[in-house]
There are 4 protein chains.
Amino acid sequence: MEFRKNLPIYVQIADYLLESILSGSLTPGDKIPSVREQASQIEVNPNTVMRTYSYLQDQGIIQNKRGIGYFVTDSAEKIIDDMKKTDFINEYLPELFKTMEMLKIDFKQLEQYYQTHKAKQNGNQ
Amino acid sequence: MEFRKNLPIYVQIADYLLESILSGSLTPGDKIPSVREQASQIEVNPNTVMRTYSYLQDQGIIQNKRGIGYFVTDSAEKIIDDMKKTDFINEYLPELFKTMEMLKIDFKQLEQYYQTHKAKQNGNQ
Amino acid sequence: MEFRKNLPIYVQIADYLLESILSGSLTPGDKIPSVREQASQIEVNPNTVMRTYSYLQDQGIIQNKRGIGYFVTDSAEKIIDDMKKTDFINEYLPELFKTMEMLKIDFKQLEQYYQTHKAKQNGNQ
Amino acid sequence: MEFRKNLPIYVQIADYLLESILSGSLTPGDKIPSVREQASQIEVNPNTVMRTYSYLQDQGIIQNKRGIGYFVTDSAEKIIDDMKKTDFINEYLPELFKTMEMLKIDFKQLEQYYQTHKAKQNGNQ
DNA sequence: GTGGTCTAGACCACC
DNA sequence: GTGGTCTAGACCACA
């Protein structure tokens, strides 16, 4: 596995797992790879994986069964969705609007970009 | 001045100056506050301001006249606009649209967020 | 069976058996379930049950008759009572009173908590 | 500094800081020792101190000012009090009542223990 | 100087 | 086998 350097590795591992859950390849009740297993597979120190797992457990997305391993919780999907949405609205959007103002891009122009984006997407299908 | 935690302070200071230039409150040839002055005004370590100024000088947006201070260059506005706009269109927007898709937020909802953002802004004025 | 996360599972199983003895549902001479039986019933690894039984045997609360099983000893009740009571009075209570002081909880409030606890218990019956 | 072996060191460091705040020797706005400083002073690995500080920051009890250090937040006291109180009610009390039941100690007896505890305390003053 | 991340390697309790 | 904690030591960005 390759990592971008601008984001902590343990966050990137977390993001990867979150996407796995959202995409359905990991569903509630599933066991995720053990710390050591995951670590050796993605060629990373076990401590780093441990950090990811602790973080996700704090968020209530995974859950430890002692001596057995970590499992995806039932509410994982909902929690992830909430997390991402609040982050989007509180962190991402204000930055977007600020940048738009700075560049004197109004909402109509943004919509045009969106349309071309959509068009391109459909073209690639 | 308050700073967001996910962006280096020196970058946030830079953004603030860029905005001043784009909005016209700083125009080519204008002297910007000295490092010490700026630092004490926004309650930040002078080193941090120094870093901002070096950064902006590297970009060709301000220039140093020795013993006198830093001044906005003639091409400042154009450089900023190019820099920000390409970044916005090529990096920022695709990410935005991807995130929206993931969170199942459509363009109408985005417009609503924009309206409430605008409303709040006017309220604070 | 559900387990609290701050206490080893094998200890919680032990506590459960101790309670059964103190309450009289297990009396001296009674055979307790075999390791395998117990394990499958409370959905736990046999090793964990084995550890519980070894632990209780060390305390002299149960004893092993080879090839037959584990049995409650004659002195079980007395041992348990001594063990728990001294621990309760010398270790637990001082900590309790210290915590109450720190949290500025007086004895009246404690009694209220007790009453609601009792009420809840009766409600669940 | 000496540590008990049954509780993680990073938790014990946290507890120590919490007590410092509750007792008033550390008040909102105060800077706490830097990670390295604290580590060398209590003879512990910096990573361990870092873990404590991250934990307390997650709880909102301390707050990082970048490049400067960690500071006690304004709401620290309230947060600590809430934390301890919920923990007391949800974790500690049920265990207490369960033990009392097991040992057939009723509330009157508990009150007696409390009175003797109080008496002893006053005697020592 | 500050925190933050990461690796390597060890030890432990628990299942 | 599982996770959890800790140490030692390194590197980095930031103030």
Side-chain angles (χ1 to χ4, degrees), chain A residues 3 5-13 31-40 42-55 57 62-71, chain B residues 3 5-13 35 39 42-52 54-55, chain C residues 3 5-13 35 39 42-52 54-55, chain D residues 3 5-13 31-40 42-55 57 62-71:
Chain A
F3 299 102
K5 72 169 191 301
N6 52 344
L7 213 60
I9 292 179
Y10 82 93
V11 173
Q12 296 183 49
I13 301 173
K31 182 181 181 304
I32 63 176
S34 81
V35 173
R36 288 164 175 76
E37 198 182 336
Q38 185 76 273
S40 79
I42 60 183
E43 291 175 312
V44 132
N45 191 289
N47 283 329
T48 305
V49 174
M50 188 63 221
R51 192 168 189 171
T52 299
Y53 286 10
S54 300
Y55 167 67
Q57 179 166 240
I62 63 177
Q63 182 178 19
N64 179 255
K65 289 186 188 171
R66 290 186 303 183
I68 308 178
Y70 281 95
F71 295 78
Chain B
F3 300 101
K5 69 175 183 301
N6 48 353
L7 217 58
I9 292 180
Y10 83 94
V11 173
Q12 297 185 49
I13 300 173
V35 170
I42 59 183
E43 290 175 318
V44 136
N45 192 300
N47 288 329
T48 307
V49 174
M50 192 58 224
R51 185 180 266 213
T52 299
S54 301
Y55 167 68
Chain C
F3 300 101
K5 68 174 185 301
N6 49 353
L7 216 57
I9 292 179
Y10 83 93
V11 173
Q12 297 184 51
I13 300 172
V35 171
I42 59 182
E43 289 175 315
V44 135
N45 192 300
N47 289 329
T48 306
V49 175
M50 191 58 223
R51 184 180 266 211
T52 299
S54 301
Y55 168 67
Chain D
F3 299 102
K5 73 168 189 303
N6 53 344
L7 213 60
I9 293 180
Y10 83 93
V11 173
Q12 296 184 49
I13 301 173
K31 182 180 182 303
I32 64 176
S34 80
V35 172
R36 288 164 175 77
E37 198 181 338
Q38 185 76 275
S40 79
I42 60 183
E43 291 175 313
V44 134
N45 191 289
N47 284 327
T48 305
V49 174
M50 188 63 223
R51 192 167 189 171
T52 299
Y53 286 9
S54 299
Y55 168 66
Q57 179 165 242
I62 62 177
Q63 180 178 19
N64 179 255
K65 291 187 188 172
R66 290 189 302 187
I68 307 180
Y70 281 95
F71 295 77

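The chains referred to below are lettered A, B, ... by the order of the sequence lines, with proteins before strands, and numbering in each begins at 1.
Taking atom CD of residue Glu37(A) and atom C1' of nucleotide dG3(F), one finds them 14 Å apart after rounding to whole Å. Atom pair Ile13(B):CD1 and dC14(F):P shows a separation of 13 Å (rounding to whole Å applied). The separation between Ile32(D) atom CD1 and dG3(E) atom P is 8 Å, rounded to whole Å. Note: CZ (Phe71(D)) to P (dT2(E)) measures 11 Å, nearest angstrom. Between the CG atom of Asn64(D) and the P atom of dA15(F) there is a distance of 10 Å, given to the nearest Å. Atom CG in Leu7(A) sits about 14 Å away from atom C1' in dA13(F), given to the nearest Å. Rounded to an integer number of Å, the gap from Gln12(D) CD to dT5(F) P is 12 Å. Atom CD1 of Ile68(D) is separated from atom C1' of dC14(F) by 11 Å (rounded to the nearest Å).
Comparing dC15(E), dA8(F), dC6(F) by their nearest atom to the side chain of Asn47(D) picks out dA8(F). For Asn45(C), counting side-chain heavy atoms from C-beta on, the closest listed nucleotide (dT5(E), dC15(E), dG9(E)) is dC15(E). Ranking dG3(E), dG4(F), dC15(E) by closeness to the Thr48(C) side chain, first place goes to dC15(E).
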* Asked: Pairing of DNA chain F as dot-bracket, 5' to 3': ( ) intra-strand, [ ] crossing, | other strand, . unpaired, with Watson-Crick or G-U pairs under 3.5 Å?
  -> ||||||||||||||.
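Contacts of Asn64(D) classified as side-chain hydrogen bond (donor to acceptor under 3.5 Å, both in side chains), with partners at least two apart in sequence or in another chain: none. Among residues two or more places apart in sequence or in another chain, the side chain to side chain contact (heavy atoms under 4.5 Å, CB included) test is passed with Asn45(D) by Asn47(D), Thr48(D). Scanning for side-chain hydrogen bond (donor to acceptor under 3.5 Å, both in side chains) contacts around Gln12(B) gives an empty result, with sequence neighbours left out. With sequence neighbours left out, the side chain to side chain contact (heavy atoms under 4.5 Å, CB included) criterion links Asn6(B) to Glu91(A), Arg4(B). Evaluation of the ring-ring contact (aromatic ring centres under 6.0 Å, His included) rule for Tyr53(D) yields Tyr70(D) as partners, not counting sequence neighbours.
The backbone N or O of Lys5(B) sits less than 3.5 Å from a side-chain atom of Arg66(D), completing a donor-acceptor pair.
Residue Lys31(A) is the one, among Pro46(D) and Lys31(A), whose nearest nucleotide of DNA chain F lies closer to the 5' end (criterion: closest heavy atom). Both Tyr70(D) and Val44(A) sit near DNA chain E, but only Tyr70(D) has its closest nucleotide nearer the 5' end.
Side-chain contact between Ile13(C) and Phe3(C) is present, with heavy atoms from C-beta onward closer than 4.5 Å.
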Taking only nitrogen or oxygen atoms into account, show me every contact under 3.5 Å that the protein makes with nucleotides 11-14 of chain E, one pair per line with its distance.
| unit_1 | atom_1 | unit_2 | atom_2 | d |
| --- | --- | --- | --- | --- |
| dC14(E) | OP2 | Arg51(C) | NH1 | 3.4 |

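Within the structure, a side-chain polar atom (N or O) of Ser34(A) is placed less than 4.0 Å from OP1 or OP2 of dT2(F).
Pairing each heavy atom of Gln38(A) with each of Pro33(A), the nearest pair is NE2-CG, 3.8 Å.
Here the rule is side chain to side chain contact (heavy atoms under 4.5 Å, CB included) with Ile9(D), and of Thr52(D), Val49(D), Val44(D) only Val44(D) fits it.
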